[in-house]
Amino acid sequence: MAMAMKHLRILLAWAAVMVAVGWSAASDAASAPARANVLWYDKPAAKWTEALPVGNGRLGAMVFGGISQERLQLNEGTVWAGGPYDPVNPEAKEALPQVRQLVNEGKYREAASLISAKVMARPLGQMPYQTVGDLLLSFPGATNADNYRRELDLDTATVTVSYVTDGVRYWREVFASAPDNVIVLHLAADKPGRLSFAAGMKTRMTASVQTEGNDTLVMRGVGGSAGGIQGQIKYQARVKVLAQGGKTSAEAGSITVSHANEAVVLIAAATSYKQFDDVSGDPESIVKQGLATTSRRTLAELRAAHLADYQRLFRRVSIDLGQSEAMKLPTDERIRRFADGYDPQLAALYYQFGRYLLISCSRPGGQPATLQGLWNESLNPPWGSKYTININTEMNYWPAESGNLAECVEPLIAMVEDLTVTGARTAQKMYGARGWVVHHNTDLWRATAPIDGPNWGMWPCGGAWLCLHLWDRYEFSGDKAVLQRIYPVLKGASEFFLDTLQEHPKTQWLVTNPSISPENMHPFGTAVCAGPTMDMQVVRDLFANTIKAAELLGVNEAFRQRLAAARARLAPNQIGSAGQLQEWLEDWDMKAPERHHRHVSHLYGLYPGRDIHRRDTPELAAAVRKSLELRGDKATGWATAWRMCLWAHLGEGDRAYQILRHLLSPGLTYPNMFDAHPPFQIDGNFGGAAGIAEMLVQSRLGRVGTTSASTLKPEIEILPALPKAWPTGTVNGLRARGGYEVDVTWNDGKLVEATIRALRAGPVQLRYGATTKEITLAKGDIFRWTGQ
Ligand code: FUC
């Protein structure tokens, strides 16, 4: 009786979904009505970059939607190679004074050699993020199909696949539920007894697959070893097949379902990872318990819990940049046409896809988004699919706060808190310094020493840059509790620089040494140098934010003064002979070997940093513009997205849009909308989403150079960089610094109305073009403004 009840409810759920998407069993999949928040395709994914991602912040799947075989490539966020390790080179501390001396003497290449020999981490690389493996469902006899449609609905975070074969309409849905920590795959047919398949699992990891009972698959595996670090992660994936009708049986590592009416497949996975220095967890008990609970729930219950949880986040922001006929086309076709066609809705879809990805791969309790978010099929992915913090990890979080997804930043903050522990070890052992430091990369084990080689790793500002996101958490919320939490982190990051900044022999400025301007070689055959512009900008922000935090908390007055004094001595931004913002202390830009280099590190000061602003420091902003012109618009995915954000912050919407045209084209966007940095890297998706938001609303808390908490008045700028391509539109629910929600409607390129909802009390300045308006709102107030 209980079984019958359950499956009755499953069927009802299916019927409801079919109605919601506007199909009847007989309708033509390709002619289904165009819906704004949907990616869709008229054929199965042939490649990984055509498959569609689902994720709940811990578990992820790439769904291929095949006809004879369905493939779900599975990830769990803590399946990484290696185990707890400390890579600091014991010779580094002794070698550093000599390295600094060589840099000061202009012997950059010698300095780089010494860094290679004595300063770099052991091992020289970090541990890669890996995969669980694949769940494969084969459908006997199914080779071709009509009316095929595969889609990802961003509003329900659900992938569906539908087609007709031998007169039967088959239907599949896949979603990753955060509240139940399970991936749900539901299969149905519109005629009784016509669903048959065999489910198995496959992986290139070291793992075994067994069946338990007649309905469960169990994969037990271990993370790989890398760089001499033994693999210590144990993982388990468990798949339970619940079929209604027909027969379910197990044999030789596979579950066979024959002549069922429909089936629900529940997928759970977990590892032994507890935290960066503890791998004593028991994955078996976690997944067993999880599956025991979820398999008692109905599909309708699982789905409702998933939707309530997901939509609470996703539906905070809506965006309409205009619509066109192009919306009716499959998404891959739209990407092919975007640059030369008229499809403003694709930009809105790209924006929401960015928010979807962040909600799906970065949730409290899970790991932060890696270079590939949560989705990786390889044992040794490009750059280890880890955390490159000289731009990539930060960019992943650029759309988070403005996109009203503060919760999604939590894993990043938690990682930075871990880094204060491992980074303190590195600060002490490598530099003899207080505080904490991270170089240009980290991994699951929170490794903090410089890796890869001097031209990549010898950069001490990764942790300091991450601190900007912690401070942003405060700026967007105004929450004192946030401040209390982040202050020790900011303080430790600042202490490291107070102890390690060096006086530059010629100028007496305080500079980092040794360092690099991320990954860009200067004219002397290496990237190694002292005081690159970016470092100074990052440290200026860090010190300013630490001072403000201390002041707001009413603590450490003497420390504040030391920071202010050191800050005043940092090397300033300088304008070079070509009118460009100098990337280095010296005017080397025009002689550097790679003039179109993808990194635009020194432009950090304009965005995302707070050193340069087009109204406060117009000369420096003009120099940024010149640097951007010299660098060119075209680059890899993330580098293109960064350029777009920078043009938006110069107030040049049409130029930003030109760059979006380039980003949202087949060269840089795969059919599944994943960003191509060939291969896949998710940062471009997030940077592109941020760029779109920055074109519509920008906000800040105080002018350039503000180090006093008393001057932190918020400013919200409406439509700062609206391109001609989006003459009419609406965006609702963006967040602004100071604690506001903002809706904007425009028509004919002009503001119709902005609505400001105050989540906190206080004064705020609104700006639209040259018009400003000062208002003071109480918490909960709603203010409407037409820009007059
Ligand atoms: C930085 C970039 C590369 C790549 C890597 C993950 O090193 O320069 O382009 O994105 O990170």
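Everything numeric here is computed off the predicted structure, so don't read it as measured data. Indexing begins at 1, ligand by ligand and atom by atom, following the structure's order.
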Geometric N/O contact W383 with ligand 1, under 3.5 angstrom: no

W80 and its ring-ring contact (aromatic ring centres under 6.0 Å, His included) partner, picked from Y235, Y273, Y387: Y387

Nearest to atom 7 (O) of ligand 1, what protein heavy atom do you find, and at what distance? E519 OE2, 2.3 Å

Which heavy atom of the protein is the closest neighbour of atom 2 (C) of ligand 1, given with residue, atom name and distance? H599 NE2, 3.4 Å

Classify the contact between L371 and ligand 1 as side chain, backbone, both or neither, using a heavy-atom distance cut-off of under 4.0 Å. side chain

List ligand 1 atoms under 4.0 Å from R598, heavy atoms only on the residue side. 2 (C), 3 (C), 8 (O), 9 (O)

Answer yes or no: does an N/O atom from H440 fall short of 3.5 Å to an N/O atom of ligand 1? no

Whether S665 side chain and H662 backbone form a donor-acceptor pair below 3.5 Å: yes

Picking from W375, Y670, F674, what satisfies ring-ring contact (aromatic ring centres under 6.0 Å, His included) with W48? F674

Taking the six-membered ring where the residue is Trp, are the ring centres of Y607 and W642 under 6.0 Å apart? no

Is there any N or O on D683 that sits under 3.5 Å from an N or O of ligand 1? no

Salt bridge or not for E91 and R122, using N-O below 4.0 Å? no

Any ion pair linking R473 and E410 (charged N to carboxylate O, less than 4.0 Å)? no

Checking heavy-atom distances from atom 3 (C) of ligand 1 to each of Q681, M395, H677, the winner is H677

Give me the residue, atom name and distance of the protein heavy atom closest to atom 11 (O) of ligand 1. N392 OD1, 3.1 Å

What's the shortest heavy-atom distance between P460 and P514, and which atoms? CD-O, 4.0 Å

Using heavy atoms and a 4.0 Å limit, tell me yes or no: is W456 in contact with ligand 1? no

